[in-house]
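Being a predicted model, the structure only gives us computed values, none of them experimental. All values below come from the heavy atoms of this structure, side chains included, with hydrogens, waters and symmetry mates left out.
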Amino acid sequence: MSKATIRIPTPLRSFTGGAGQIEVEGTTVGQALDVLGRRHDGILERVLDADGRIRGFVNIYLGESDVKTLGGLDAPLTGTAVISIVPAVAGGVR
Amino acid sequence: MPEATGSEQRHAAGAGLPTLRWSTSVVAELERRASRGYPHEVCGLMIGSQTSNETFVARVTEARNLRTDRLGDRYRLDPEDFLMADADARRDGLDVVGIWHTHPDHPPKPSQTDLESAWEGYSYVILAVRDAGVAGIRSWRIDGPHFREQSIEEAIP
């Protein structure tokens, strides 16, 4: 088990009582997110779909790498990991 | 855009929403970046602090627009720029409090595309930009299924 810090973006802090980061333990990114979801009801539904896949309007980073490039939620945690939930930001004139 | 427009008509600007506060120098920085990017859409993040009655913008960052296929009317902010801006902000005890982007040759009102991608809890500043420069700046927040306009207060410096 590795320790991981999960960085919570401002729009999801209503689920964490205002906390900007949550400390968890796990062996993969997916496990760490599960721990987050068990502690903070409702947050995981905003990040993962019903099949447990990362939603299209969210990016998950492990350190400075998009987890999609690291094997997705199975990406292993090593050392002191930082997981960031990064909102996808888009829009435009039309 | 009809939902955003309808919402705007039903509510006085900013009622019940936090007020966005920033300095004249932050506004000048935004205007400079917005004008420089014209006629392309330019986007970035607003860094500051958020309370129930105030969105304070201490500084702004510019981010890469990944929609290189439609630079004139769409933006997708590079998540790696978000990651870096967020890390810098946290180091300073601040947060990402919103997003800014430009509407080249269009009003500073959210489009349907803006609405579909919006996150509740962020402020969305839109700058209308024309050839002659910035023609308007307004800020919006998601409130239920709509955007509502947020009051802006500018302080010196």
Side-chain angles (χ1 to χ4, degrees), chain A residues 4-23 29 32-33 36 40 42-49 53-70 72-73 75 79-94, chain B residues 1 41 43-45 48-50 55 63 65-67 70-87 89-90 93-124 126 128-129 140 142:
Chain A
T5 299
I6 303 181
R7 290 183 172 169
I8 312 295
T10 323
L12 297 183
R13 291 185 196 169
S14 54
F15 296 102
T16 60
Q21 59 182 45
I22 301 292
E23 312 295 330
V29 171
L33 290 175
L36 175 72
H40 300 283
I43 193 168
L44 216 51
E45 286 78 358
R46 300 290 298 274
V47 177
L48 306 178
D49 67 17
R53 289 182 298 233
I54 300 167
R55 289 191 181 276
F57 47 81
V58 174
N59 304 285
I60 306 291
Y61 276 77
L62 175 58
E64 295 180 354
S65 301
D66 188 331
V67 296
K68 288 184 206 126
T69 67
L70 302 172
L73 295 175
T80 306
V82 176
I83 297 167
S84 299
I85 301 171
V86 176
V89 177
V93 168
R94 53 180 162 247
Chain B
M1 204 184 307
E41 286 215 13
C43 60
L45 297 166
S49 56
Q50 178 70 57
T55 307
N65 180 1
L66 296 181
R67 286 303 301 267
R70 291 181 62 168
L71 283 174
D73 66 353
R74 287 284 169 91
Y75 78 97
R76 189 169 78 242
L77 191 146
D78 188 333
E80 295 195 1
D81 288 335
F82 187 111
L83 191 72
M84 280 192 294
D86 181 62
R90 287 169 186 263
L94 300 172
D95 285 308
V96 174
V97 294
I99 294 101
W100 66 272
H101 76 281
T102 60
H103 279 183
D105 300 311
H106 281 77
K109 291 182 177 179
S111 66
Q112 188 63 33
T113 307
D114 289 327
L115 183 63
E116 286 163 3
S117 313
W119 287 76
E120 189 171 352
Y122 281 145
S123 292
Y124 287 83
I126 304 177
V129 191
W140 307 83
I142 286 289

**Asked** Which atom names give the shortest non-hydrogen contact between Ala90(A) and Ser117(B), and what distance separates them?
**Response** O-CB, 3.2 Å

**Request:** Name the region of Ile85(A), side chain, backbone, both or neither, that has any atom closer than 4.5 Å to a heavy atom of chain B.
**Result:** neither

**Request:** Measure distances from Ala87(B) to the heavy atoms of chain A and classify the residue's part below 4.5 Å as side chain, backbone, both or neither.
**Result:** both

**Request:** Determine the minimum heavy-atom distance between Glu41(B) and Val93(A), stating which atoms define it.
**Result:** OE2-N, 2.8 Å

**Message:** I need the residue from Arg76(B), Gln50(B), Arg90(B) with the largest number of non-hydrogen atom pairs under 4.5 Å to chain A.
**Reply:** Arg90(B)

**Message:** Can you tell me which portion of His103(B) sits under 4.5 Å from chain A's heavy atoms? Options are side chain, backbone, both or neither.
**Reply:** both

**Item:** Contact origin within Glu116(B) toward chain A - heavy atom pairs under 4.5 Å
**Value:** neither

**Complete:** chain B shares the most heavy-atom pairs under 4.5 Å, among Ser84(A), Gly18(A), Gly20(A), with Gly20(A)

**Message:** Is the shortest side-chain heavy-atom distance between Pro9(A) and Trp119(B) below 4.5 Å?
**Reply:** no

**Message:** If I measure from the heavy atoms of chain B, does Phe57(A) come under 4.5 Å with its side chain, its backbone, both, or neither?
**Reply:** both

**Request:** Test side-chain contact (heavy atoms from CB on, under 4.5 Å) on Arg13(A) and Asp95(B) and set out the steps.
**Result:** CA-CA 12 Å; Arg13(A) 291 185 196 169; Asp95(B) 285 308; 2.9 Å; yes

**Request:** Pick one of side chain, backbone, both or neither for Glu120(B), based on which atoms fall under 4.5 Å of a heavy atom in chain A.
**Result:** backbone

**Prompt:** Would you find more than 12 non-hydrogen atoms of other residues, nucleotides or ligands less than 6.0 Å from Glu64(A) atom CD?
**Reply:** no

**Message:** For chain A, which candidate among Ile99(B), Asp86(B), Ile142(B) shows the most heavy-atom pairs at distances under 4.5 Å?
**Reply:** Ile99(B)

**Prompt:** Closest heavy-atom contact between Val96(B) and Thr10(A)?
**Reply:** O-OG1, 2.8 Å

